[in-house]
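Keep in mind it's a predicted model, so treat the numbers as computed, not measured.
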Amino acid sequence: QVQLVESGGGLVQAGGSLRLSCAASGRTFSRYAMGWFRQAPGKEREFAAAISWSGGNTYYSDSVKGRFTISRDNAKNTAYLQMNSLKPEDTAVYYCAAQLTGSTERFALLPESAYDYWGQGTQVTVSS
């Protein structure tokens, strides 16, 4: 199995930046795509960004595109979400998720059930 642990969340003022990290441990010999999701207060969890195993394909929701950047360093078994120009509406618990992909770069952005492992989440609060 694979364990995912997010870090880097916290309190930041609007317009500021944060970088979230998602460290994978356990049986990381398998290839996996990585996604970031977020759940704002009173709302359903939503897709934010995803990246293929090689890093060659990235995807973003319209709400974060142009402000957030997803990346990964497979040598460190870590994925990142660089969040710039943060807005109060970005306030949410952010979760990383891994999807085992075998030998292919293909993966499903959604549904959430397509992901095999989830982290515990990290709180991001953006003050106005």
Side-chain angles (χ1 to χ4, degrees):
Q1 63 176 322
V2 175
Q3 293 83 47
L4 304 176
V5 179
E6 303 98 330
S7 62
L11 176 64
V12 64
Q13 293 187 38
S17 299
L18 282 174
R19 188 182 73 163
L20 305 183
S21 298
C22 178
S25 62
R27 298 189 177 186
T28 55
F29 54 84
S30 298
R31 294 184 174 191
Y32 54 94
M34 185 70 69
W36 285 97
F37 294 77
R38 64 185 188 177
Q39 186 168 23
K43 293 189 175 183
E44 298 295 314
R45 188 160 60 188
E46 66 176 8
F47 170 81
I51 188 168
S52 63
W53 165 253
S54 71
N57 299 99
T58 58
Y59 306 90
Y60 300 93
S61 68
D62 289 341
S63 61
V64 309
K65 190 173 185 179
R67 300 187 299 120
F68 292 9
T69 303
I70 188 170
S71 62
R72 68 192 300 163
D73 185 343
N74 288 345
K76 297 181 178 180
N77 293 320
T78 302
Y80 306 94
L81 187 67
Q82 178 66 47
M83 306 185 296
N84 298 326
S85 301
L86 283 163
K87 305 174 181 179
E89 50 263 46
D90 294 319
T91 294
V93 176
Y94 283 72
Y95 300 88
C96 65
Q99 181 180 138
L100 300 179
T101 59
S103 61
T104 182
E105 284 264 291
R106 289 189 63 200
F107 71 100
L109 299 182
L110 293 170
E112 293 183 7
S113 60
Y115 293 82
D116 300 287
Y117 302 99
W118 290 80
Q120 81 291 342
T122 186
Q123 176 70 232
V124 171
T125 303
V126 184
S127 63
S128 59

*Residue pairs passing the disulfide bond (SG atoms under 2.5 Å apart) test where at least one lies in residues 95-128, sequence neighbours excluded*: C22-C96

Listing, residues 8-19 side-chain donor-acceptor contacts under 3.5 Å, not counting sequence neighbours, or none:
| residue | atom | partner | partner atom | Å |
| --- | --- | --- | --- | --- |
| S17 | OG | N84 | OD1 | 2.9 |

_side chain to side chain contact (heavy atoms under 4.5 Å, CB included) assessment of F68 paired with L81_ = CA-CA 7 Å; F68 292 9; L81 187 67; 4.1 Å; yes

Heavy-atom pair of closest approach, residues [X] and [Y]:
X: A24; Y: Y32; answer: CB-OH, 3.5 Å
X: I70; Y: Y60; answer: N-OH, 2.9 Å
X: A50; Y: Y115; answer: CB-OH, 4.2 Å
X: Y117; Y: V2; answer: CD2-O, 3.1 Å
X: S30; Y: L100; answer: CB-CD2, 4.1 Å
X: M34; Y: A79; answer: CG-CB, 3.6 Å

*Quick one: list whatever passes ring-ring contact (aromatic ring centres under 6.0 Å, His included) with F47, sequence neighbours left out.*
F37

Quick one: which residue pairs count as a salt bridge (charged side-chain N to carboxylate O under 4.0 Å, His left out) with a foot in [range], not counting sequence neighbours?
range: residues 108-117; answer: R45-E112
range: residues 50-77; answer: R67-D90
range: residues 46-58; answer: R38-E46

*Could you check if a side-chain atom of K87 sits within less than 4.5 angstrom of a side-chain atom of V126, using non-hydrogen atoms only?*
no

_What I'd like to find out is whether the side chain of N74 reaches to under 4.5 Å of the side chain of W53, using heavy atoms alone._
yes

For residues 101-110, run the donor-acceptor check on the side chains, cut-off 3.5 Å, and write out each pair with its distance to 0.1 Å, sequence neighbours left out.
| residue | atom | partner | partner atom | Å |
| --- | --- | --- | --- | --- |
| T101 | OG1 | T104 | O | 3.3 |
| T104 | OG1 | R106 | N | 3.1 |
| E105 | OE1 | S52 | OG | 3.0 |
| E105 | OE1 | S54 | OG | 2.6 |
| E105 | OE2 | S54 | N | 2.8 |
| E105 | OE2 | S54 | OG | 3.3 |

Suppose we screen for side-chain hydrogen bond (donor to acceptor under 3.5 Å, both in side chains). Which residues come up paired with [X], at least two apart in sequence or across chains?
X: T125; value: Q123
X: Q120; value: E6
X: S61; value: S63

*What distance separates Q99 CD from R31 CZ, expressed to the nearest 0.5 Å?*
14.5 Å

*Find the distance between CG (L20) and OG1 (T78) and round it off to the nearest 0.5 Å.*
12.5 Å

_Shared hydrophobic cluster, Y80 / V93 (ILVMFWY, side-chain heavy atoms < 4.5 Å)_ = no

*Step by step, would you call Y95 with Q39 a side chain to side chain contact (heavy atoms under 4.5 Å, CB included)?*
CA-CA 8 Å; Y95 300 88; Q39 186 168 23; 4.1 Å; yes

